[in-house]
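What follows is a set of notes on a single structure, which appears directly below.
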Amino acid sequence: MDAMLKTAGAEETLDPVDWAEVQALSHRVVDDAVDYLRDVRERPVWQDMPAEVKAFFAEPLPRSPHPLAQVYDEVARNVMAYPMGNIHPRFWSWYMGSSNFTGALGDFLAAIQGSNLGGGNHAAALMDSQVVDWCKQMMGFPQSASGTLVSGGSMANIIGLTVARNVKAGIDVREHGVAAIAKPLRFYGSDQLHSCHRKAMEALGLGNQALRRIPTDAGLRIDIDALRAAIAEDRKAGFQPACVIGTAGTVNTGAIDDLQALASLAAQENLWFHVDGCIGALIAIAPENSYRVAGIERAHSIALDPHKWLHAPFEVGCALIRDASAHRSTFAVTPEYLESTPRGLASGQWLHDFGLQTSRGFRALKVWMALREHGIEKFGRLIDQNIAQGHTLGRLIEAEPLLELIAPPNINIVCFRYRGDGLTGEQQKALNTEIMLRLQEEGTAALSDTTVHGRHCLRVAINNHRTRREDLDLLVRETVRLGREISRPGVAG
Ligand SMILES: Cc1ncc(COP(=O)(O)O)c(C=O)c1O
């Protein structure tokens, strides 16, 4: 007995010894976090880390304890001071959301509650399903559809394409595998498809070549006639056309495929119609621009990305599937240790039946809290605002003789370059790359680059609720200044 008590006395926990001390420190963390966000505009968008900060991340595995206050100071000094920058008003690289404070509180509370969204009978699971229902409503999907919150757009696309493969395989692909499919499946998308679709095809065992990239028109939208011809050609050659992927907002230029035409073609050809709406699906809630994604509600599946235009803190994506039973039967497995019970904790929906993960984080809370606080109409207006800003930036560039647009802005993505007249393509690329790097290194703005219609260009994606008109003016001014400076004789590569 004595020995047992001794053991009990020695039991450890991760809970703090002094709760009051932790409370005081937590207040400081929250105060610092509020200041951090409030003052973001005053800081550089990005800055490289000095050597001693980089060295900090090579420190070995800690074996003994450190006071929490010290741990927080280390994080403040070495991590918080060197962000990627995507919460800054002048961050426009690649394609990201700019997060929001309420969402961050949601992430904190989700972690405090610590619930596992594999499913079960508890409030977080109901909220997870509610956020999926709200996404359906935003997309004009029926209530009978299903969906799941995942890590982001890439995973959301994989979920949709996996259901498409299984429905169109013509065999029980879960049981027999892709090798048993009678005719090789073909998927179609434009030559502007995001690279995650290639990864999806590889992971699905269909292979990259099963994804036919269809040429695009002058506006970089899938060429519907070329798609129709490719489908006919494949049928003749013994392939089985299975799925067409429409993109609502391509990553290069924000081009939106003709979703109505794709939906009709998919119906005629008996294909699954998946929409990659990671960038543009949420335009459906923007009053001035929703017409651009008309037809999305006709899709069999949609991938959308609340960590982009709903500005949820990373990570959260959402896959929606019109046919809930096709969705569930693609992923559901009920092992003996996860059987449902008529009452109690295991009586709720098993949410892991709708995707690849078993344990799942409480992603819904950060989305739910921000939607509840602001209402969907405000998010719609912010999307309209970003699209208007994209068009404003396009006009500013057109009015500046030293700059040129590489593609007319469609939504919120602007592709342009410093002209550098008389330079070869390679020299122009070197000059514009140098402009981009100096804008980053000087902390002024973060842009990325790409190649459109075979021409290298700078790319600004304004998916940012903090961007103001003055930020766009500054970008144009600084790009011109740097372009002039770098292209002075002897400076340009
Ligand atoms: C069109 C498109 N699809 C898919 C993705 C992948 O989304 P995520 O980065 O959330 O995985 C992106 C990312 O920007 C995208 O632009």
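Whatever order the structure lists them in is the order used to number ligands and atoms, beginning at 1. Predicted model only: the values in this text are computed from it and were never measured.
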Counterpart residues, salt bridge (Lys or Arg N to Asp or Glu O under 4.0 Å), relative to Lys136 (two or more places apart):
Asp133

Inspect the surroundings of CD in Glu442 and state if more than 12 heavy atoms from other residues, nucleotides or ligands are less than 6.0 Å away.
yes

With sequence neighbours excluded, give me every side-chain hydrogen bond (donor to acceptor under 3.5 Å, both in side chains) pair touching residues 212-223.
Asp191-Thr216, Asn208-Arg213, Arg212-Glu233, Arg212-Asp234

Under 3.5 Å: donor-acceptor pair, side chain of Gln357, backbone of Gly118
no

Taking ring pair (Phe, Tyr, Trp, His ring centres under 6.0 Å) as the definition, give me every residue that meets it alongside Phe239, ordered by chain and number, with sequence neighbours left out.
none

Rounded to the nearest 0.5 Å, the CG atom of Leu211 sits from the CG atom of Leu206 at a distance of 9.5 Å

Show me, by chain and number, every protein residue that has a heavy-atom distance under 4.0 Å to ligand 1.
Tyr95, Gly152, Gly153, Ser154, Asn157, His194, Cys196, Gly249, Val251, Asp276, Cys278, Ile279, Asp305, His307, Lys308

